[in-house]
J.: 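Have a look at this one.
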Amino acid sequence: MLRGASLRITRPRIAVLAAVYEHPHADTHSLIGLVRDELGEVSQQAVYDVLNALTDAGLVRRLHPPGSVARYESRVGDNHHHVVCRSCGSIADVECAVGPAPCLNASEDHGFVIDEAEVIYWGLCPECSGKGSLA
Ligand SMILES: [Zn+2]
Ligand SMILES: [Zn+2]
């Protein structure tokens, strides 16, 4: 994957990419922990740099719900959405309702050429709403 994106292959890049694949929607802090478990001492800055490079190359997607820290996931290019718990911040994927990214058909585009739509559904996760056992 790194080679396909013309990125030099380094151990931190491989470790960060693997961590994002195994832990969708992980925040930077937990990714640093995961990479350190794998490689030993790695600077925070190195992990930030790798995440930026992978995001710029389109290998991972950064999502940044308002009021939350940035999170990363490996599902790129399918324009799926997210549901975020207001209480604990847990995040889950929500598929687009029908077809390829219908949300790109904005009711009013104001003359913009639109290439991405991001919808965040806010609410309470099953644990936080106390309905976990009923779901
Ligand atoms: Zn919750
Ligand atoms: Zn997602």
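FYI, side chains are in, hydrogens and waters are out, and symmetry mates aren't considered; it's all heavy atoms of this structure. Keep in mind that what you see is a predicted model, and the values were worked out from it rather than measured. Remember, it's 1-based here, ligands and their atoms both numbered in the order they're listed.
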J.: Using the Zn ion (ligand 2) as the apex, give the angle to atoms OD1 (D93) and OE1 (E73), rounded to 10 degrees.
T.: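 Angle OD1(D93)-the Zn ion (ligand 2)-OE1(E73): 140°, rounded to 10°.
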J.: With distance as the sole test, does R86 use its side chain to make a donor-acceptor pair with the main-chain N or O of L124 at under 3.5 Å?
T.: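 Not at all, since once roles are kept as given, no pair shorter than 3.5 Å links the two residues.
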J.: Restricting to N/O/S, name the atom of H80 that gets closest to the Zn ion (ligand 2).
T.: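 Closest to the Zn ion (ligand 2) among those atoms: NE2.
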J.: Kindly give the heavy-atom pair with the smallest separation between R13 and R8, and that separation in Å.
T.: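 For R13 and R8, the tightest heavy-atom pair comes out as NH1-O, 2.8 Å.
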J.: Any side-chain donor paired with an acceptor under 3.5 Å for D27 and S30?
T.: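 S30 and D27 do have a side-chain donor-acceptor pair below 3.5 Å.
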J.: State whether a side-chain donor-acceptor pair under 3.5 Å links H25 with E73.
T.: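 Side chains of H25 and E73: pair found under 3.5 Å.
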J.: Please determine if the Zn ion (ligand 2) has an N/O/S atom from H81 lying under 2.8 Å away.
T.: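 For H81, the answer is no, given that no N, O or S atom comes within less than 2.8 Å of the Zn ion (ligand 2).
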J.: Taking all atoms of both residues into account, what is the closest heavy-atom pair of A15 and E38, and its distance?
T.: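 Result for this residue pair: CB-CG, 4.1 Å.
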J.: What angle, to the nearest 10°, do the atoms SG (C128) and SG (C85) form about the Zn ion (ligand 1)?
T.: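 The SG/SG angle about the Zn ion (ligand 1) sits at 110°.
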J.: Which angle, to 10 degrees, forms at the Zn ion (ligand 1) with SG of C88 on one side and SG of C125 on the other?
T.: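 Here the angle at the metal atom is close to 110°, to 10°.
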J.: Nearest 10° is fine: what angle sits at the Zn ion (ligand 2) between NE2 from H25 and NE2 from H82?
T.: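 Vertex at the Zn ion (ligand 2): approximately 90°.
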